[in-house]
Amino acid sequence: MAASGEDVTSDENREESNSMNLMEFSDEILLHILRYAPVSDLVLNVRKVCRKLSALSLDKSLTHTVILHKDYQVDKDKVKQLMRAIGKEIHELDMAGCYWLPGSTIDQVICCKNLVRLNLSGCHLTSLRLSKMLSALQHLRSLAIDVSPGFDASHLSSECKATLSRVLELQQTLYTPSYGVVPCCTSLEKLLLYFEILDRSREGLIISGQLMVGESNVPHYQNLRVFYARLAPGPVNQEVVRLYLAVLSDRTPEKLHAFLISAPGGFAQSCAVKNLLDSMARNVTLDALQLPRSWMNGSSLLQHLRFSNPFYFSFSRCSLSGGQLVQRVLNGGKDLRSLIGLNLSGCVHCLSPDSLLRKAEDDIDSGIAETLVASCCNLRHLNLSAAHHHSSEGLGKHLCQLLARLTRLLSLALPVCSITDVPAVTADRPSVQPVANAASQGFGKKVRIGVQKYPRNCLEQGHPQPPASVFWRLLGSLPYLERLELIGSSFSSAMPRNEPAIRNSLPPCSRAQHVGDAEVAAIGQLAFLQSLTLAQLPNLLTGSGLVSVGVQCQHLRTLSLANLGMMGKVMYMPALMDMLKHCKCLQDLRLEQPYFNANAQFFQALSHCASLQRLCIISRSGTLQPEAVMSFMTACLEVIMCHMFMGESLSMCKTLQQSLIRSFQADRPALNVVIFPLLHEDLMEVIRDVPMMHLDEITLFKSRVAEGPPNLWW
């Protein structure tokens, strides 16, 4: 016994001698480790641990760039301490979306005398506050701000205008008709504009988009290299952007190489716009292009524009035919290895022969798809959603088989009907058809259906080889994919933008009814998957594939599920709850499902997502349990956004919202809670108060693959 005890003691001593203390690492290794911690945490906490970490935490390589964007625990006191400690060392400061910080806290930026880049988008900022701040930032070259009602450029001092005259990159989010600070930025090379102007004020007054053209400083656009404009719905946004474009049309910058305008719906061309496009065709060579669909449809514009090593194209919602795609965009199949992002969302004819008689259910032309893949072999981001891309039964001609050659893809968006393995469906799944019929009935008479025989998750199959479908093989050939979207070609979200909630939805494509749990399980192959969107999969029954995703995709941070399975009953709820127990890194969850019951069992499962920060549930006729919501928020300390648009009464929603704010606002400065009936007439007024960051990134449904050029902003 004594000898045995001596052995144990010697083993423990040996382990202690072999173990390494973190402080024994070299400074270079420690600096590399510390880069993964937020600068605010380094300065306010880590530096207090010991003398060595105190010195390393203030190293210039760590304090050069400070990112407070989505650092939801930072409050006004922490910002003041941070600026006091390292303000003079900061060269790049990103405070985008810090809506919870008061204006007096934003004033602390004035301590950062050496700032070169500053992002204050989404922060409370007045023209007077901006003037005082920029007057002290003489080295500033990149700026992002919001222009809100009440902004007055006449309040900007001469020192402020001098700083703006040296700014090379400007991003403006416009909430009111204005040129903002653009007239002062006389050296601009990059201009990004986000138009979020509502047609009516809070008092119900109609807002006019008229501006003085003479205020826009026509000569000062001559150095412009990048012009980007993204419009929210509404005629006033179109009216204001036309004034910006009128200035460009008067004298088109010859150095322009990226011209991008994202506009929903119809956007009629004006004479000034036509002149601008004609001038661009004569005088500039582009490497990034995006235009409203009405400017492209029926136009010969693509024949005349010149491109040199393009890196991004977006033809979203355009009536671009397969022939036009090959001849005018792909240059007849010539080398386009420089192309990184391609958005063909809603281009229903882009993979089909030139035919005015084509129907949605017709097959694509595999030759066009093959030319696309061969020409753009280095694509990182590809969006083919919102269209019917049906493959024929020809061997090796399926869209998934062709896309499998794009092995460098990082993000991919496909319509659900495009991943159907047609031969396998007809040969191996004759029993699926009754399920499809049941799903297509929607809210009609319930039909008893059999549960698809599929294991709880793919790990329990006991088969060494996965199912040999084209979709399985596609995902197996995309080892680096980080974002995947499978969206029904006729899906439309019930969550409105500037209009009442949608009450009716179109039925899914018939081919989509062959996509179910097995296809979802295939997603589990994506070891590096960070974002997953599944919308309008009518044949998802038990949801067993979701469990496979939760178990195997351990890097998953964003999950969006909408209208899965039968619309009248949430049959996948047990599998979803099982999935959530494995999602340790999940930060954003969006669920849109009619008749969803957000009960205690659901929130208990959701409580396993320790990293969850934002939750959005949208459910027509859905219910929730207030006590369960309160318990969930108590358990999940990181949650700062809780949006629920359900079928509950207005009084119950208001009571729960007030209780959540009262209970958790003090400890969570960034807390944003909206609980409101989905079909209430005042929903639009509620939506306008949601911070733009949350509204744009999670509350509103949209495809985000190749939405804009990569690295558009720093």
Side-chain angles (χ1 to χ4, degrees), residues 38-40 65-76 78-79 82-83 90 92-110 112 115 117-130 133-134 137 140 142-151 167 169-176 178 180-182 190-198 228-232 237 262 497-498 558 587-588 613-614 616 640-643 665 668-674 686-700 702 704 707-708 712-714:
V39 177
S40 59
T65 300
V66 174
I67 300 176
L68 300 181
H69 175 59
K70 293 189 177 180
D71 191 349
Y72 298 119
Q73 299 305 316
V74 171
D75 57 21
K76 57 182 180 181
K78 291 181 180 179
V79 173
L82 186 67
M83 297 303 176
I90 302 175
E92 299 182 4
L93 177 60
D94 185 359
M95 298 181 68
C98 292
Y99 55 86
W100 63 91
L101 295 176
S104 57
T105 303
I106 306 300
D107 289 338
Q108 299 299 315
V109 174
I110 203 171
C112 309
L115 270 183
R117 290 181 165 185
L118 176 61
N119 192 338
L120 294 176
S121 179
C123 297
H124 299 289
L125 199 64
T126 63
S127 45
L128 287 173
R129 178 166 283 123
L130 180 67
M133 183 188 305
L134 296 188
L137 305 180
L140 198 67
S142 180
L143 176 66
I145 59 171
D146 290 353
V147 178
S148 302
F151 182 89
V167 167
E169 302 175 350
L170 176 66
Q171 175 182 304
Q172 281 192 161
T173 303
L174 296 162
Y175 293 96
T176 187
S178 173
V181 300
V182 170
K190 179 186 290 188
L191 177 59
L192 278 60
L193 300 168
Y194 296 82
F195 294 86
E196 297 289 343
I197 311 168
L198 295 175
Y228 176 86
R230 194 187 76 180
L231 285 67
N237 290 308
S262 173
R497 183 62 169 90
N498 292 327
T558 301
Q587 295 178 346
D588 294 344
Q613 296 178 335
R614 300 191 290 186
C616 180
I640 56 88
M641 191 204 94
C642 182
H643 290 181
Q665 186 79 71
R668 307 180 198 187
L671 184 67
N672 182 254
V673 178
V674 182
V686 173
I687 288 296
R688 70 187 299 169
D689 290 327
V690 173
M692 182 53 62
M693 179 177 68
H694 299 324
L695 187 66
D696 185 60
E697 293 180 1
I698 182 170
T699 306
L700 298 177
K702 63 178 177 179
R704 292 175 169 81
E707 184 182 12
L712 184 62
W713 193 248
W714 53 278

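Because the structure is predicted, anything quoted here is derived from the model rather than measured.
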Requested in this report: Begin with the C-alpha distance, continue with both residues' side-chain angles, and end with the deciding distance and a verdict on side-chain contact (heavy atoms from CB on, under 4.5 Å) for Arg614 and Met693.
Outcome: CA-CA 11 Å; Arg614 300 191 290 186; Met693 179 177 68; 4.2 Å; yes
Query raised in the report: Has the side chain of Asp94 got a donor or acceptor atom that lies under 3.5 Å from a matching backbone atom of His69?
Result: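 The answer is no, because no donor-acceptor pair under 3.5 Å joins these two groups.
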Query raised in the report: Are the side chain of Gln172 and the backbone of Val181 linked by a donor-acceptor contact shorter than 3.5 Å?
Result: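 Yes; at least one donor-acceptor contact below 3.5 Å.
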All N/O donor-acceptor pairs, side-chain side in residues 97-104, below 3.5 Å, sequence neighbours left out:
from: Tyr99; atom 1: OH; to: Ala670; atom 2: O; distance (Å): 2.5
from: Tyr99; atom 1: OH; to: His694; atom 2: NE2; distance (Å): 2.8
from: Trp100; atom 1: NE1; to: Val74; atom 2: O; distance (Å): 2.7

Once side-chain contact (heavy atoms from CB on, under 4.5 Å) is applied, do any residues pair with [X], and if so which ones, sequence neighbours excluded?
{"X": "Ser142", "result": "Arg117, Glu169, Trp713, Trp714"}
{"X": "Gln613", "result": "Tyr72, Gln587, Glu638"}
{"X": "His124", "result": "none"}

Contacts of [X] that satisfy side chain to side chain donor-acceptor pair (under 3.5 Å) - sequence neighbours left out:
{"X": "Ser178", "value": "none"}
{"X": "Asn672", "value": "His643"}
{"X": "Ser40", "value": "Asp71"}

With sequence neighbours left out, write down each residue that passes salt bridge (charged side-chain N to carboxylate O under 4.0 Å, His left out) with [X], or none if nothing qualifies.
{"X": "Lys702", "value": "Asp696, Glu707"}
{"X": "Lys70", "value": "Glu697"}
{"X": "Arg129", "value": "Asp107"}

With rounding to the nearest 0.5 Å, note down the distance linking [atom1] in [X] to [atom2] in [Y].
{"X": "Thr105", "Y": "Met95", "atom1": "OG1", "atom2": "CE", "result": "7.5 Å"}
{"X": "Leu193", "Y": "Leu170", "atom1": "CG", "atom2": "CG", "result": "7.5 Å"}
{"X": "Asp75", "Y": "Arg668", "atom1": "CG", "atom2": "CZ", "result": "14.5 Å"}
{"X": "Ile145", "Y": "Leu120", "atom1": "CD1", "atom2": "CG", "result": "8.5 Å"}

Do [X] and [Y] come within less than 4.5 Å of each other through their side chains, counting heavy atoms only?
{"X": "Ile90", "Y": "Met83", "value": "yes"}
{"X": "Val147", "Y": "Thr176", "value": "yes"}
{"X": "Leu143", "Y": "Leu134", "value": "yes"}

How close do [X] and [Y] get, heavy atom to heavy atom, and via which atoms?
{"X": "Cys616", "Y": "Thr699", "result": "SG-CA, 4.0 Å"}
{"X": "Ser121", "Y": "Thr173", "result": "OG-OG1, 3.9 Å"}
{"X": "Leu137", "Y": "Val109", "result": "CD2-O, 4.2 Å"}

Query raised in the report: Of all residues at least two apart in sequence or in a different chain, which pass the ring pair (Phe, Tyr, Trp, His ring centres under 6.0 Å) check with Tyr194?
Result: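 With sequence neighbours excluded, Tyr194 shows a ring pair (Phe, Tyr, Trp, His ring centres under 6.0 Å) to Tyr228, given in chain and number order.
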Requested in this report: I would like to know whether Glu196 and Leu174 meet side-chain contact (heavy atoms from CB on, under 4.5 Å); could you show each step before the answer?
Outcome: CA-CA 6 Å; Glu196 297 289 343; Leu174 296 162; over 6 Å; no
Query - Evaluation steps, side-chain contact (heavy atoms from CB on, under 4.5 Å), between Met133 and Ile106 - result: CA-CA 9 Å; Met133 183 188 305; Ile106 306 300; 3.7 Å; yes
